[in-house]
Amino acid sequence: MSTVIRIQREDFDPQAEADALTKGRPDVGALTTFTGFCRHEEGALSALELEHYPGMAEKELQRIVDEARKRWPVQGITVLHRYGKIMPGERIVFVAVSGGHRGEAFAACEFIMDFLKTSAPFWKREHKVDGSQGEWVEAKDADDKALERWK
Amino acid sequence: MSTVIRIQREDFDPQAEADALTKGRPDVGALTTFTGFCRHEEGALSALELEHYPGMAEKELQRIVDEARKRWPVQGITVLHRYGKIMPGERIVFVAVSGGHRGEAFAACEFIMDFLKTSAPFWKREHKVDGSQGEWVEAKDADDKALERWK
Amino acid sequence: MKAVYFAWVRERVGKPEEILTPPASVITVADLIAWLKGQGEEYAYAFENGHVIRVAIDQTHVKHDALIADAREIAFFPPMTGG
Amino acid sequence: MKAVYFAWVRERVGKPEEILTPPASVITVADLIAWLKGQGEEYAYAFENGHVIRVAIDQTHVKHDALIADAREIAFFPPMTGG
């Protein structure tokens with residue numbers, strides 16, 4: 001029933017995180033992972049700048065993980081989120097959920113991502129390849145709509 | 001839009017498979033993976049023996065992947081399935097889906113697993129730790145029910 | 001027509017594959033299963049709950065009312081349990 | 001009470017944090033936002049669409065009708081865009 005939550009500037013190693021949830025754990029039957037990457041947006045983007053609210057970000061991720069555990073009998077949950085300047089192709093976020101069976105591992109993993117998107121205090125700003133400072137990324141209606149599934 | 005389908009006796013490297021879908025692909029924003037492991041069933045199980053129908057197994061996985069691509073605009077899809085004797089804690093199956101956004105990557109990955117379970121020609125037999133040959137694993141109602149979501 | 005058997009169907013029949021030459025009256029998969037059940041104890045055992053047996057013709061799933069007319073390879077197996 | 005600002009709210013206000021001492025008539029988050037809008041052009045700009053601003057008291061999300069009575073830290077920021 002381990003939970004790992006880390007907010008960090010540096011990249012992470014998805015395989016090492018997955019192994020930590022499954023090695024020597026023959027009760028684990030299913031592992032679902034999600035990795036979010038910085039897209040280049042058809043070549044227009046040179047980087048994303050990720051700002052966060054230290055302290056609250058960790059608390060909010062813990063709250064989301066706690067809610068997922070109330071809903072599904074999963075085993076390990078790992079949530080990693082980077083901040084700072086992130087280049088196209090680089091990892092931004094990682095969620096891994098292990099469990100006995102796939103249904104609950106999939107559901108908890110997607111639930112965590114959906115709530116992370118809309119309630120964890122992170123904000124993205126674009127940097128353009130033409131050197132101009134881009135806009136703060138706007139929140140998407142699609143992300144709010146994704147929450148309806150979990151009501 | 002690459003598809004990789006492999007049925008093999010030996011283990012595989014999830015990170016290498018994930019990298020193949022994402023490295024040098026800055027249009028990828030989301031990667032969802034599922035890994036299925038052999039459980040020890042409270043210590044009763046010494047191994048699973050996986051039998052498959054060579055030829056049809058590949059065809060059926062391709063058919064499931066084609067159906068997923070009709071439903072969601074995803075990018076790369078990788079489906080690996082092992083056969084032969086597999087020990088508790090070892091990987092059995094791996095599905096990875098990359099895409100622009102998380103919703104379609106999650107949906108396609110879970111869809112592929114749900115149909116793989118019920119229509120790809122693989123069969124599991126248990127070997128018990130007491131040396132006795134266990135039973136052929138019985139198909140689960142829960143796996144048939146999981147399909148209803150995709151109708 | 002080549003028949004192939006998997007998992008406990010294979011074990012009960014006692015062989016992984018064989019050539020079948022059913023009579024002309026055998027039109028559908030259901031007919032073929034009924035005919036096989038009369039081919040000996042091992043077949044009667046393998047197909048005793050004939051409705052649970054899954055069938056593929058030329059490596060594509062079919063229902064029991066499917067015609068076997070042009071089948072080159074017909075496979076019999078239990079419900080799948082991979083993944 | 002300590003106020004902290006993030007993303008474009010921080011940029012518009014022009015500072016990441018400050019100590020606020022609103023009058024006693026400021027009871028709710030909405031009251032505080034209305035009062036802040038009168039504290040200068042930069043606040044008027046930051047809170048011009050006050051209803052889109054998200055608020056956390058002591059690192060927990062709250063609605064605009066929440067009471068600010070015991071708040072030690074109150075945060076103002078745009079809708080989240082992480083992940």
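So that the names make sense, note that chain A is the first sequence line, chain B the second, and so on, each numbered from 1.
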Quick one: which of His61(C), Arg54(C), Arg10(C), Glu73(C) has the most heavy-atom pairs under 4.5 Å with chain B, could you say? His61(C)
Indicate yes or no: at least one non-hydrogen side-chain atom of Val4(C) is less than 4.5 angstrom from one of Tyr53(B). yes
Just so I know, are the side chains of Pro121(B) and Phe6(C) near enough to count as touching, which here means a heavy-atom distance under 4.5 Å? no
Before you tell me yes or no, could you show the steps for Gln59(C) and Glu60(B) under side chain to side chain contact (heavy atoms under 4.5 Å, CB included), namely the whole-Å CA-CA distance, both residues' side-chain angles and the distance that decides it to 0.1 Å? CA-CA 8 Å; Gln59(C) 306 192 345; Glu60(B) 195 61 19; over 6 Å; no
Heavy-atom proximity to chain C below 4.5 Å, by part of Glu49(B): neither
Measuring heavy-atom distances to chain C, does Lys117(B) have an atom under 4.5 Å in its side chain, in its backbone, in both, or in neither? both
Looking at Gly36(B), Ser119(B), Gly55(B), Ala57(B), which one has more heavy-atom pairs under 4.5 Å with chain C than the rest? Ser119(B)
Relative to chain C, which of Asp144(B), Asp143(B), Val137(B) shows the most heavy atom pairs under 4.5 Å? Val137(B)
With no hydrogens and no angle check, is any side-chain donor or acceptor of Trp123(B) less than 3.5 Å from a backbone partner on Pro78(C)? yes
Nearest-0.5 Å distance, CG of residue Leu50(B) to OG1 of residue Thr81(C): 7.5 Å
Approximate separation, where rounding is to 0.5 Å, of Met80(C) CE and His52(B) NE2: 14.0 Å
Side chains of Glu135(B) and Trp8(C), donor plus acceptor under 3.5 Å: no
Answer yes or no: does atom OH of Tyr45(C) have more than 12 heavy-atom neighbours from other residues, nucleotides or ligands under 6.0 Å? no
Taking atom CG of Asp130(B) as the centre, report whether more than 12 heavy atoms of other residues, nucleotides or ligands fall under 6.0 Å from it. yes
Where Ala56(C) and Met56(B) come nearest, the two heavy atoms and their spacing: CB-SD, 3.5 Å
